[in-house]
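Before any comments, here is the structure.
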Number of protein chains: 4
Amino acid sequence: MEFSENKPIYLQIADGIAEKILGGDLKEGDRILSVRELGAELGVNPNTAMRSYEKLTMDGVIYNQRGIGYFVADGAREIVLRNMRADFIQNEVPVIKRKMELLQLKVSDLGL
Amino acid sequence: MEFSENKPIYLQIADGIAEKILGGDLKEGDRILSVRELGAELGVNPNTAMRSYEKLTMDGVIYNQRGIGYFVADGAREIVLRNMRADFIQNEVPVIKRKMELLQLKVSDLGL
Amino acid sequence: MEFSENKPIYLQIADGIAEKILGGDLKEGDRILSVRELGAELGVNPNTAMRSYEKLTMDGVIYNQRGIGYFVADGAREIVLRNMRADFIQNEVPVIKRKMELLQLKVSDLGL
Amino acid sequence: MEFSENKPIYLQIADGIAEKILGGDLKEGDRILSVRELGAELGVNPNTAMRSYEKLTMDGVIYNQRGIGYFVADGAREIVLRNMRADFIQNEVPVIKRKMELLQLKVSDLGL
DNA sequence: GTGGTCTAGACCACC
DNA sequence: GTGGTCTAGACCACA
């Protein structure tokens, strides 16, 4: 996996997991990789993987069973969907809108 | 002027100037504020203002006349427009697109 | 290390690193000193070292891994060689040529 | 006239005059432009032109007759030739030599 | 530990 | 007056 520059790696990882949940690759109750495994797989420091899990835990998307591992929480998909939608519509869409006006681009120019 | 958190101030300043050029508030050949003036006006260290000017100079948007000041370059508006459009379409639009699919949002949901 | 007067220190540092790459003292993939280490070693402010690294990064000669450090980029030697040669031949040689004519010096007078 | 970035304008102007003397365009005893005239011709602040004349005066290449103007000094051509040659051979040639080694360029590559 | 940004203040050459 | 460079020191996010 490659990471973009502008965004913290741990957030990019968290987003990646969230998207897997959204896409159904990870289902509620599934166990996810340990921080060590994930770190190794992504070529990333376990600390970094840990921060991703902390973030997702805070959001209620995953939870930890001590000594066992991390699991996808009940209702995780709903939470992710709701959070991402809210963030997208509240924070991103206005910026996009403004930029399109500034650049005199129409929706049709975007190929959406 | 107030600055958002996630983006370096000097880039926000540079963007602000670029947008002024785009909007016609600054025209080719116009002298822009000295680093000291700009710093004072924005409540920012002159060094920080300087970094903004460095960035814009690199982009070919402004140029320096030694001992005199910075001026809006010929063709600056074109450059800004081109750069911003390219960035938007190459980097942002794909992300937007992907996110919309993921979140099952249609263009009509965005209110653009 | 001592620095000459007429050229910014940060550029002299950058050139020094480029020459190390050229000479093979630094190879692709090598980690280079952190800005603090380099600053300490050269008796220079870390910010100044940082500016050197910014310059080299822009040239594609080194790259950064966040939180880890700077590394010599793939193809760095080629880039350095190409850039320095181009600069020398385009900018310096014509001046040399002109001066030699003006001063009525022959190549043999130079002891090259 | 256009000026390069790395060298003070006033020195570039002084060099230009020195070269005219070297090339015979200006002869000993010739009156040269007033600082105002020169400034106007080159699109440069008279102060800047003045600094050029100060430099040349210091070198003994021109001299001033108060209220009348500046004139090319006796022996100016010799002085210029001697100074430029000394500077070139002592300061520039060694640098050129070193760079050529570094870049693995031969004299024949230079097209001199 | 790493780099990145920012401030405050200084000095300098140049116009 | 202008920009350019540099120092000292701070704070922060990130790995």
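All of these numbers come straight from a predicted model, not from anything done at the bench. Residue numbers start from 1 in every chain, and the chains themselves are labelled A, B, ... in the order their sequence lines are given, proteins ahead of strands.
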Distance in Å, Arg82(C) CZ paired with Leu103(D) CG, rounded so as to fall on 0.5 Å steps: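 If we round to the nearest 0.5 Å, Arg82(C):CZ and Leu103(D):CG are 13.0 Å apart.
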
Euclidean distance, Glu92(A) CD relative to Met100(B) CE, rounded to 0.5 Å: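 That separation rounds to 11.5 Å.
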
Identify which nucleotide among [options] has an atom closest to any side-chain atom of [X], counting heavy atoms from C-beta outward.
X: Pro8(C); options: dT5(F), dT7(E), dT2(F); value: dT5(F)
X: Arg51(A); options: dT5(E), dC14(F), dT2(E); value: dC14(F)
X: Arg31(C); options: dC15(E), dT2(E), dC6(F); value: dT2(E)
X: Ile68(B); options: dC15(E), dG3(F), dT2(E); value: dC15(E)
X: Val35(C); options: dC14(E), dG3(E), dA15(F); value: dG3(E)
X: Val44(B); options: dC6(E), dT7(E), dC14(F); value: dT7(E)

Base dG9(F) to side chain Asn47(C), donor-acceptor N/O within 3.5 Å cut-off: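 Indeed, a donor on one side and an acceptor on the other fall under 3.5 Å apart.
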
Heavy-atom donor-acceptor pair, Arg36(C) side-chain to dG1(E) base, under 3.5 Å: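 Under the 3.5 Å cut-off, the side chain and the base do not form any donor-acceptor pair.
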
Contact nearer the 5' end of DNA chain E, comparing Gly43(B) with Gly67(C):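 Of the two residues, Gly67(C) wins.
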
Closest-nucleotide ordering on DNA chain E, the 5'-leading residue of Tyr10(D) and Ser34(C):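 Nearer the 5' end of the strand: Ser34(C).
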
Sugar-phosphate, base or nothing in reach of Glu5(D), heavy atoms under 4.0 Å: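 Nothing: the residue Glu5(D), judged by heavy atoms under 4.0 Å, touches no strand.
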
Sugar-phosphate only, base, or nothing, as touched by Glu54(C) at under 4.0 Å among non-hydrogen atoms: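 Here Glu54(C) touches no strand at all.
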
Taking [atom1] from [X] and [atom2] from [N], how many angstroms apart are they, rounded to a whole number?
X: Lys7(A); N: dA15(F); atom1: NZ; atom2: P; answer: 13 Å
X: Asn45(A); N: dA13(F); atom1: CG; atom2: P; answer: 18 Å
X: Gln12(D); N: dA13(E); atom1: CD; atom2: C1'; answer: 14 Å
X: Asn6(D); N: dT5(F); atom1: CG; atom2: P; answer: 10 Å
X: Phe3(D); N: dC15(E); atom1: CZ; atom2: P; answer: 9 Å
X: Tyr63(C); N: dT2(E); atom1: OH; atom2: P; answer: 17 Å
X: Ile13(B); N: dC6(E); atom1: CD1; atom2: P; answer: 8 Å
X: Met50(A); N: dC14(F); atom1: CE; atom2: P; answer: 17 Å

Arg36(D) atom CZ, over 12 foreign heavy atoms within 6.0 Å: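 12 or below, so no.
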
dT2(F) - base-pair partner by Watson-Crick or wobble geometry, distances under 3.5 Å: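 dA13(E) - that is the nucleotide pairing with dT2(F), both distances being under 3.5 Å.
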
Lys27(A) backbone acceptor or donor facing Arg77(A) side chain under 3.5 Å: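 No, the answer is negative, given that no donor and acceptor are paired below the 3.5 Å cut-off.
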
First of Arg66(C) and Leu33(B) reached from the 5' end of DNA chain F, by closest nucleotide: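 The residue whose closest nucleotide sits nearer the 5' end is Leu33(B).
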
Side-chain heavy-atom pair Tyr70(C), Arg31(C) within 4.5 angstrom cut-off: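 In short, these two side chains do not touch, never coming nearer than 4.5 Å.
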
Carboxylate-amine/guanidinium contact Lys99(A) Glu19(B), below 4.0 Å: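 Salt bridge: no.
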
Thr48(B) side chain near dT5(E) phosphate (N/O to OP1/OP2, under 4.0 Å):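 Answer no for this pair, as no side-chain N or O of Thr48(B) is under 4.0 Å from OP1 or OP2.
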
